[in-house]
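One is the number of the first residue; the rest follow in order along the sequence.
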Amino acid sequence: MQPRSRQRITVEIPVVVPTVLHSLEGIIVDLSEGGAQIAGCGLPARSQCQLDYNGHVVFATVQWSEEDRMGLRFPYELTDGPLFDRLEIARAARLTPTAFQPRTLGARPTGGFGRRFG
C-alpha cells in the first residue's frame, strides 16, 4: 500500500451519492484533494460512484467499504469547485491558531459544559 500524498482534513460536509436505484445520503468526515471518507452510507469496494455536493459532481472509486462508511479515491484531484473550496476553508481553519483568552480569578465559566455551578 502506498502512503497518502495528501493529508486528509477533518470536515463535516453532507453529500448525496446517486445510484441507479436510489440516492444515498452521507457526510464527508475527512477530505483531501485525492479522496474522502464518507460516513452514513456504503457501496461495494472497487465500484465507481459520484458525489453530488450543491449541484457539483465529483467522480470517485470506492477503495474500501464497511456497513456505514467508505473510503473514496478521486481519479482527478480536486483543484476547484465547491468541494475544493470547503477543503481550503477547513485547512485554513485548522492552521489558524486560536486566540488565548485568559480567565480572571473568581470568574465563573459560562455555558453548560463541564462542572455545574450553583
Next item on the list: Test side chain to side chain contact (heavy atoms under 4.5 Å, CB included) on M70 and V17 and set out the steps.
Entry: CA-CA 12 Å; M70 61 184 166; V17 182; 4.3 Å; yes

Checklist line | Test side chain to side chain contact (heavy atoms under 4.5 Å, CB included) applied to R46 and W64, step by step | finding: CA-CA 7 Å; R46 295 184 302 280; W64 58 267; over 6 Å; no

Next item on the list: Could you please spell out the steps behind the side chain to side chain contact (heavy atoms under 4.5 Å, CB included) verdict for L72 and T61?
Entry: CA-CA 5 Å; L72 305 178; T61 302; over 6 Å; no

Next item on the list: Go through the steps to decide whether V29 and I13 satisfy the test side chain to side chain contact (heavy atoms under 4.5 Å, CB included), and finish with yes or no.
Entry: CA-CA 7 Å; V29 294; I13 304 172; over 6 Å; no

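Criterion: ILVMFWY side-chain heavy atoms under 4.5 Å apart, direct or through other members. Under it, L51 and F84 are part of a common hydrophobic cluster. A chain of hydrophobic side-chain contacts below 4.5 Å, direct or via other Ile, Leu, Val, Met, Phe, Trp or Tyr residues, connects F74 to I38. No path of Ile, Leu, Val, Met, Phe, Trp and Tyr side chains, each step under 4.5 Å between heavy atoms, connects L24 with I27, placing them in separate hydrophobic clusters.
Between E33 and R8 there is no salt bridge, since no side-chain N of the basic residue sits under 4.0 Å from a carboxylate O of the acidic one.
Taken from CZ in R86 to CD in E12, the straight-line distance is 9.0 Å, to the nearest 0.5 Å.
The heavy-atom pair separating S32 from L78 by the smallest distance is O-CD1, 3.9 Å.
Side-chain contact between I89 and R91 is absent, with no heavy-atom pair separated by less than 4.5 Å.
For E25, the CD atom sits in a loose shell: 12 or fewer heavy atoms of surrounding residues, nucleotides or ligands are nearer than 6.0 Å.
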